[in-house]
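Letters A, B, ... are given to chains in the order of the sequence lines, protein chains preceding strands, and every chain is numbered from 1.
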Amino acid sequence: MSRPRAPVGWARYYQIVRRIPRGKVSTYGDIAILAGRPRSARHVGYALAALRETDHDVPWHRVLGARRRGRAAVSILDPTGAAIQRLRLEAEGVVFDAQGRITLDDSGWRPRRT
DNA sequence: TGGATGACGTTCT
DNA sequence: AAGAACGCCATCC
């Protein structure tokens, strides 16, 4: 069973995810872009997947996927994990619409850029 | 070194 | 608007 360690590049992703304020969310694609890997969105998810077996303080539940025209949905992972993610987000004040999606224009995290 | 994998994204139908 | 197919790229064996 592969037990993915934590490559140096992953630390970059973790640090960015930690920057996401409570009540806000981001997407794998955005995290990848902020990390300087605009085409490596998959690796962000892969890096976060490794957190499941590791000791960490990364708010992984604030990272969503499948960004579609301003809206995002909870990732597919295991149904249980998805439910936990949604519960945690709602506990932080993130609002889901009737379709179970989140409006990034409202809850999306906008990192400081200049 | 090469081939396969994957918490994804974008484009086309 | 929703669903399916293809493409990207670092990491693993």
Side-chain angles (χ1 to χ4, degrees):
Chain A
M1 324 298 281
S2 38
R3 205 150 276 121
R5 290 146 189 112
V8 181
W10 292 6
R12 188 85 51 177
Y13 299 142
Y14 298 150
Q15 183 173 348
I16 294 173
V17 175
R18 285 199 195 90
R19 285 202 216 136
I20 304 175
R22 185 173 170 285
K24 292 292 181 180
V25 297
S26 189
T27 63
Y28 300 104
D30 288 345
I31 299 297
I33 291 172
L34 292 174
R37 259 88 223 216
R39 267 80 210 175
S40 304
R42 308 192 79 173
H43 305 101
V44 176
Y46 195 61
L48 292 181
L51 292 176
R52 298 180 80 183
E53 305 180 19
T54 313
D55 196 52
H56 65 82
D57 60 337
V58 181
W60 59 269
H61 57 278
R62 291 177 192 155
V63 182
L64 309 177
R67 179 170 96 155
R68 230 144 121 134
R69 241 216 51 175
R71 291 208 249 248
V74 176
S75 303
I76 43 166
L77 46 92
D78 297 82
T80 307
I84 294 174
Q85 182 174 31
R86 174 163 180 165
L87 252 5
R88 283 191 168 192
L89 290 175
E90 291 182 324
E92 295 186 351
V94 177
V95 181
F96 287 73
D97 60 18
Q99 300 183 348
R101 298 198 290 194
I102 299 171
T103 304
L104 292 178
D105 185 64
D106 184 53
S107 303
W109 173 53
R110 276 299 198 103
R112 260 311 195 164
R113 261 206 325 161
T114 322

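Side-chain N or O atoms of A:Arg88 include none that pairs as donor or acceptor with a backbone N or O of A:His61 at under 3.5 Å. Checked by atom type and distance alone, the side chain of A:Tyr14 never pairs as donor or acceptor with a backbone atom of A:Leu51 at under 3.5 Å.
Listed in residue order, the members of residues 20-29 of chain A having a heavy atom less than 4.0 Å from DNA chain C come to none.
For A:Asp97, the CG atom is densely surrounded, since the number of other residues' heavy atoms within 6.0 Å is greater than 12. Summarising the local packing, CZ of A:Arg18 is surrounded by more than 12 heavy atoms from other residues, nucleotides or ligands at distances under 6.0 Å.
Under the salt bridge (Lys or Arg N to Asp or Glu O under 4.0 Å) criterion, A:Asp55 pairs with no residue at all, not counting sequence neighbours. For A:Arg86, the side chain to side chain donor-acceptor pair (under 3.5 Å) partners two or more places apart in sequence, or in a different chain, are A:Glu90.
Side chains of A:Gln85 and A:Leu64 form a contact here, defined as non-hydrogen atoms less than 4.5 Å apart. Counting heavy atoms from C-beta on, the side chains of A:Trp60 and A:Arg52 never come closer than 4.5 Å.
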Give each protein N/O atom lying under 3.5 Å from an N/O atom of nucleotides 7-10 of chain C, with the pair distance.
residue : atom : partner : partner atom : Å
C:dC9   : O2   : A:His43 : NE2          : 2.6
C:dA10  : O4'  : A:His43 : NE2          : 3.3
C:dA10  : N9   : A:His43 : NE2          : 3.4
C:dA10  : N3   : A:His43 : NE2          : 3.0

Protein-nucleotides 2-6 of chain C N/O pairs closer than 3.5 Å?
residue : atom : partner : partner atom : Å
C:dG3   : N7   : A:Arg68 : NH2          : 3.0

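Sorted by first then second residue, the side-chain hydrogen bond (donor to acceptor under 3.5 Å, both in side chains) pairs that include residues 24-33 of chain A, not counting sequence neighbours, are A:Thr27-A:Asp30, A:Tyr28-A:Ser75, A:Asp30-A:Arg67.
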